[in-house]
Amino acid sequence: MCGITGWVSFDRDLRNEAAALDAMTETMACRGPDDRGTWAEGPAGLGHRRLAIIDLPGGRQPMTAKTPDGTVALVYSGETYNFTELRRELTDRGHHFTTDSDTEAVLRGYLEWGDTVAERLNGMYAFAVWDGRHGKLVMIRDRMGIKPFYCFPTPDGVLFGSEPKAILANPLAPARVGLDGLRELFTMVKTPGHAVWEGMREVEPGTVATVDRTGMRVRSYWRLDTRPHPDDRDTTVATVRTLLDDIVRRQLVADVPRCTLLSGGLDSSALTAIAAGQLAEHGEKVRSFAVDFVGQTDHFVADELRGTPDTPFVHDVARLARTDHQDIVLDARTLADPGARAKVIRARDLPVGFGDMDTSLLLLFRAIRDQSTVALSGESADEVFGGYLQFFDEEARNADTFPWLAIAGRNFGDDSDVLRPDLAKTLDLDSYIADGYRTAVSGIRRLDGESDFEYRMRRICHLHLTRFVRLLLDRKDRMSMAVGLEVRVPYCDHRLVEYVYNTPWSLKSFDGREKSLLREATADVIPRSVYDRVKSPYPSTQDPRYGLALQEQAKDLLARTTHPVFGLVDREKVHRAAHRDALASTQAARHGLERTLDLAMWLDLYSPELTLG
């Protein structure tokens with residue numbers, strides 16, 4: 001797991017641009033604290049920051065291969081879980097390896113198969129290859145978009161990086177945000193390819209982008225396709241378990257300390273239990289970590305989203321799986337610290353997020369990083385197996401919009417509530433969302449004979465797997481890599497995603513509950529308490545002192561009468577929230593203040609040029 005960046009300029013010799021390449025590379029230091037490297041030759045320059053996971057001494061980058069027709073150079077971020085099989089096949093084809101790293105397997109795979117190597121990879125990855133034989137840059141991103149990847153076309157080439165900050169460090173890329181960028185900030189939808197910053201775009205998941213003197217060409221090597229599902233319930237449950245066993249076994253491979261993120265929900269409990277069983281075969285114990293808040297368990301108040309506190313279920317799993325467990329307990333003062341907020345904004349490059357849930361995730365990862373370098377997470381199981389409330393809510397099911405937006409206001413507030421009325425009118429977020437929804441559902445194929453209900457649920461599943469999950473994967477990556485922790489997401493293995501996506505909803509929820517397939521597939525290894533537990537999202541603090549701290553920070557912001565944030569948000573709304581007698585402890589009640597403070601921090605840190613006309 002690393003940070004990558006680079007620059008291709010067909011009108012320059014980038015050996016003379018070392019300072020700019022170094023500046024771009026150093027923005028990725030948090031992603032790769034163990035090593036750094038740059039390489040330049042003619043029109044191409046590559047930069048790399050390394051977090052060493054496999055073959056600690058041998059995986060240095062940029063990695064190059066000399067050929068009679070020119071140099072092929074690679075910078076790679078992520079993990080390829082089937083690299084052992086690839087290495088064996090490439091060795092049989094005559095390739096000679098000098099390291100034990102998965103990076104070299106990818107480089108040799110590119111030499112053998114060109115950009116079609118992407119179709120052979122199982123993993124999470126974003127990598128760029130400068131192919132000096134043909135004078136082209138090839139950028140490839142994993143199927144689900146687990147690893148971030150951005151690019152910025154220039155008149156004579158391209159800039160790229162794991163994060164926008166790497167690109168913005170180059171003088172060719174101005175920090176500018178226009179109306180469409182703001183629309184992305186204020187809608188809970190991640191438009192494929194959109195990067196918010198003007199001129200910048202994402203390398204989309206499952207694509208290959210090639211840049212040469214004629215420009216950029218993009219091809220898709222993977223998409224979520226509709227296929228018949230011939231298996232009955234028992235076969236489907238057994239197949240899910242077989243896949244999970246293989247996926248976890250592959251993703252436990254590392255030359256550094258590993259752990260699991262344990263919430264006490266079905267997703268993380270299943271992974272922790274499977275990992276515990278596999279490591280026990282080798283006499284090892286799983287280390288597990290959970291986040292909690294001071295007093296949360298003793299004073300927990302149930303709401304529509306969270307009916308039970310996590311900690312009792314976490315401890316049930318830790319006892320049954322015999323993990324080496326630790327609770328990371330956070331207090332309101334730490335969560336509300338403006339310094340922590342600044343770290344979150346720096347990590348994400350944007351004021352998009354989930355308030356204290358982002359901050360607690362960053363603080364959890366920072367505490368884990370002191371003891372482990374790799375963590376397995378239950379992220380994305382809700383999207384794969386159908387775990388969210390909106391999968392079962394009739395209003396969300398029948399809405400002609402993104403289903404999570406249909407009910408988001410109940411629990412998280414509305415982003416547009418904080419906007420100045422004139423700006424809200426200009427942005428016209430309702431139309432932007434409607435256009436995005438029509439585009440998102442237009443290519444979802446319906447099976448012959450599929451009922452109206454099954455097709456609607458297919459569309460809902462597809463939207464979560466191609467839109468919503470990317471919001472959470474991006475958050476997971478940025479928060480973890482900000483502290484140099486590699487978080488792996490077994491439920492995003494494309495084999496599992498394809499198989500479960502094409503399972504009819506009647507099988508996904510055969511017992512009338514969420515994630516029926518996952519529950520039955522892992523029933524033998526999880527506690528009964530977790531088996532019976534209703535879905536509970538990532539926790540949010542209920543401590544009223546957190547809300548009071550937000551109010552005090554908002555009052556300080558209001559005193560800065562010329563702050564540019566008030567060109568975006570409604571000052572009067574902020575004033576009312578900051579002076580409310582009692583700010584409720586719910587996420588929705590705090591949302592407007594969190595959003596305003598995030599925006600203000602972002603404007604202070606990045607000084608973006610906002611073009612609102």
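Shown here are the side chain to side chain donor-acceptor pair (under 3.5 Å) partners of Ser9, two or more places apart in sequence or in another chain: Arg12, Asp156. For Asp142, there are no side chain to side chain donor-acceptor pair (under 3.5 Å) partners at least two apart in sequence or on another chain. Considering only residues two or more places apart in sequence or on other chains, Lys343 meets the salt bridge (Lys or Arg N to Asp or Glu O under 4.0 Å) condition with none of them. By the salt bridge (Lys or Arg N to Asp or Glu O under 4.0 Å) test, Asp356 is found to be paired with Arg590, residues two or more places apart in sequence or in another chain being considered. Qualifying side chain to side chain donor-acceptor pair (under 3.5 Å) partners for Arg201, counting only residues two or more places apart in sequence or in other chains: none. Applying the side chain to side chain donor-acceptor pair (under 3.5 Å) test to Arg108 and every residue at least two apart in sequence or in another chain returns nothing. Among residues two or more places apart in sequence or in another chain, the ring-ring contact (aromatic ring centres under 6.0 Å, His included) test is passed with His194 by none. Residues satisfying the salt bridge (Lys or Arg N to Asp or Glu O under 4.0 Å) test with Asp34, not counting sequence neighbours, are none. Every salt bridge (Lys or Arg N to Asp or Glu O under 4.0 Å) that Arg219 has, sequence neighbours left out, goes to Asp115, Glu119.
Remark: Arg143 fails to qualify as a cation-pi partner of Tyr221 under the 6.0 Å distance and 45° angle criteria applied to the six-membered ring.
Rounding to the nearest 0.5 angstrom, the gap separating the OG1 atom in Thr154 from the CD1 atom in Ile167 is 11.0 Å.
Ring geometry, Trp222 versus His494: the interplanar angle exceeds 60°, so the pair is classed perpendicular (tilted spans 30 to 60°). By the 30° and 60° cut-offs, the orientation of the rings of Phe127 relative to Tyr76 is tilted.
A side-chain hydrogen bond (donor to acceptor under 3.5 Å, both in side chains) check over residues 359-368, counting only residues at least two apart or in different chains, returns the pairs Ser360-Tyr538. Legend: salt bridge (charged side-chain N to carboxylate O under 4.0 Å, His left out) pairs involving residues 63-76, not counting sequence neighbours: none detected. Screening residues 275-292 for salt bridge (charged side-chain N to carboxylate O under 4.0 Å, His left out) gives Arg249-Glu281, Arg258-Glu284, Arg287-Asp324 as the qualifying pairs, with residues at least two apart or on separate chains.
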